Each structure stands twice: as structure tokens, then as C-alpha cells.
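Labels below follow one simple rule: chain letters A, B, ... track the order of the sequence lines, proteins then strands, and each chain is numbered from 1. This one's a predicted model, so the numbers in the text were calculated from it and none came from an experiment. Hydrogens, waters and symmetry mates play no part in the numbers below; they use all other heavy atoms, side chains included.
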Amino acid sequence: DTEVTQTPKHLVMGMTNKKSLKCEQHMGHRAMYWYKQKAKKPPELMFVYSYEKLSINESVPSRFSPECPNSSLLNLHLHALQPEDSALYLCASSQDRLAGRPTNTGELFFGEGSRLTVL
Amino acid sequence: TQLLEQSPQFLSIQEGENLTVYCNSSSVFSSLQWYRQEPGEGPVLLVTVVTGGEVKKLKRLTFQFGDARKDSSLHITAAQPGDTGLYLCARGLGGYQKVTFGTGTKLQVIP
């Protein structure tokens, strides 16, 4: 069983809807990630949070809005999406720093993903 | 620009055969991960290689990091249907936070 939990597993929304994807981890990891994956393609990085602060935004359109309420939770708010935004959205976490020194080796722990369909 | 190129892109083999998947980069990296992703699931970490020339084994899977740390390979011995999935190499940049994936190798093992 994965230790990163994503909800919902499936989501269908219209282009005018507002919805949110949620991610939770209890491994004490301090870095959390959102990836987007289209069919038959590798995951593409969207956002990285480190210690609840946004550290990387890969030029993602503003219709995607990330939020990190605390060290265990990561949300992705969706508004006015386009059909081409339909994809598998993956959340991941990793150890980042321990006692001030980097310990992140790039090892990610993924959730099972949220399959999004935009009509 | 894709930093990590994997080959082959697709591989369909019979159960019991051996196979090798490659991950290549034009730049040196200090560590590299291999993941396997099954349909409808998130990628699962298989291994991290750090030292040039390093070889790690995970049951029937053998991972090697090139001496120059620009390439890596994954060898599967006596493939089984349970090995079916998308194999991804990955590296971290920018303090390892910016983790990017290779182009992927889709493996199908036919019973």
C-alpha cells in the first residue's frame, strides 16, 4: 500500500467547474510534488513545495493553483480547465533537508494518482 | 529539451526471455533512480545508483551506473508477466528537488 494518498481517484469536470485534487502523506517528508502525466508519456513536473513553501513552478498555467496547508497535505485547485488538461495527476513526496543539510537524493514516493477528464 | 533518453521505447517479449533497458544523458549526474509504473498507478521506486560503475541487484533485476555517470542500464533476467509496465529513469537537479524523468520504456511480457 502506498503511503501517499490521493483523492479523488477519478474526476470528471466541465470547463467552467472549480474542483480540487488532494494529497496526503505521513512519512514526515518535507518536499511535495505535483506531476502531470499524459498517456504513454513520462510524468512532467508541475510544482514543488519545500517546507510548505512553493519552491518550483514549471511555468504552469494559472488555471492550476497549488496549495500546501501543512507539511502533510498538498492540494491542487482547478478552475476553467481545458480538455487538453485531461491527464493523470500524480502527487509525490520526498525527504528534503534534515537538520539544515540537504538529504534529498531525488527519491520520490508517489500516490496512485487522480485521473482527470475535462469535458 | 529531454535530458534523459531511454531505449528502447517499446519492448514486447515472451516470458522467460532476458532484456536490457538503457538510460542515457549528455551530462553527468550524481545519482539516478529507476522506477516502474503499472497502468493506472503511480511510479514505484526500484533503486538509486550513486557511484560510477555501481551495480545493484534486486531479485531478477540488475541495475548498472556507467563509469562516467552519464548512463545507466536495467537488465531483467527471465522476465515474467508481472514485470510488465513502464520503466522510467529519473534524476534530480537543483538540489535534487527538480526531479525529471526519462522518456520511458514500455515493457510487455507475454505469458
Side-chain angles (χ1 to χ4, degrees), chain A residues 1-6 9-10 21 23 25 27 29-51 53-59 87-98 100-115, chain B residues 1-12 21 23 25 29-51 54 56 58 63 65 69 72 84-108:
Chain A
D1 288 339
T2 180
E3 295 185 71
V4 178
T5 305
Q6 289 188 243
K9 199 166 173 63
H10 299 277
L21 304 181
C23 176
Q25 60 91 11
M27 293 181 283
H29 289 168
R30 303 313 298 266
M32 295 187 77
Y33 304 71
W34 280 116
Y35 282 84
K36 172 183 177 180
Q37 187 177 26
K38 302 283 275 185
K40 300 180 183 178
K41 297 289 187 183
E44 295 177 10
L45 183 63
M46 300 175 71
F47 303 104
V48 181
Y49 273 83
S50 177
Y51 284 75
K53 291 192 187 324
L54 183 65
S55 59
I56 296 176
N57 177 342
E58 289 287 273
S59 303
L88 181 68
Y89 288 84
L90 293 160
C91 172
S93 70
S94 70
Q95 184 62 281
D96 191 3
R97 283 182 174 78
L98 197 63
R101 59 182 175 82
T103 58
N104 194 339
T105 58
E107 296 181 338
L108 301 180
F109 294 84
F110 283 88
E112 294 186 337
S114 293
R115 173 73 61 189
Chain B
T1 303
Q2 187 59 254
L3 295 176
L4 295 175
E5 294 286 339
Q6 289 185 235
S7 61
Q9 271 191 300
F10 302 99
L11 196 52
S12 181
V21 175
C23 175
S25 171
F29 36 85
S30 52
S31 72
L32 180 137
Q33 285 76 39
W34 283 95
Y35 294 81
R36 177 171 65 217
Q37 184 178 23
E38 298 184 20
E41 308 270 335
V44 174
L45 178 68
L46 296 174
V47 77
T48 295
V49 286
V50 178
T51 306
E54 181 178 8
K56 282 191 173 179
L58 185 66
F63 304 86
F65 202 12
R69 291 184 291 131
S72 181
T84 293
L86 178 67
Y87 287 81
L88 296 158
C89 61
R91 62 173 290 188
L93 298 170
Y96 297 105
Q97 281 189 352
K98 190 170 179 177
V99 179
T100 56
F101 286 85
T103 49
T105 295
K106 188 171 172 62
L107 171 66
Q108 181 185 34

task: Side chain from CB out, backbone as N, CA, C, O: work out which of these in Q37(B) comes under 4.5 Å of a heavy atom of chain A, or both, or neither.
output: side chain
For the atom pair [atom1] ([X]) and [atom2] ([Y]), what is the distance rounded to the nearest 0.5 Å?
X	Y	atom1	atom2	value
T48(B)	E107(A)	OG1	CD	3.0 Å
T103(B)	K41(A)	OG1	NZ	9.0 Å
E41(B)	E112(A)	CD	CD	4.5 Å
L88(B)	Q37(A)	CG	CD	7.0 Å

message: Is E58(A) in contact with chain B via its backbone, its side chain, both, or neither, using a 4.5 Å heavy-atom distance?
response: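 It is the side chain, since no backbone atom gets that close.
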message: Which atoms of K40(A) are under 4.5 Å from chain B, going by heavy atoms: the side chain, the backbone, both sets, or neither?
response: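 Interface part for K40(A): neither.
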field: Flag if over 12 foreign heavy atoms under 6.0 Å of NZ, K56(B)
entry: yes
message: Tell me if a side-chain donor or acceptor on Y35(B) pairs with a main-chain N or O of L108(A) at a distance below 3.5 Å.
response: yes
- request: Please step through side chain to side chain contact (heavy atoms under 4.5 Å, CB included) for the pair V48(A) and K98(B), ending with a clear verdict.
  value: CA-CA 8 Å; V48(A) 181; K98(B) 190 170 179 177; over 6 Å; no
query: F101(B) and P42(A): which non-hydrogen atoms are nearest, and at how many Å?
result: CB-CB, 4.0 Å
query: Does the side chain of L90(A) come within less than 4.5 Å of P43(B)'s, by heavy atoms?
result: yes
- request: Mind running side chain to side chain contact (heavy atoms under 4.5 Å, CB included) on Y35(A) and V99(B) for me, showing each step along the way?
  value: CA-CA 10 Å; Y35(A) 282 84; V99(B) 179; 3.3 Å; yes
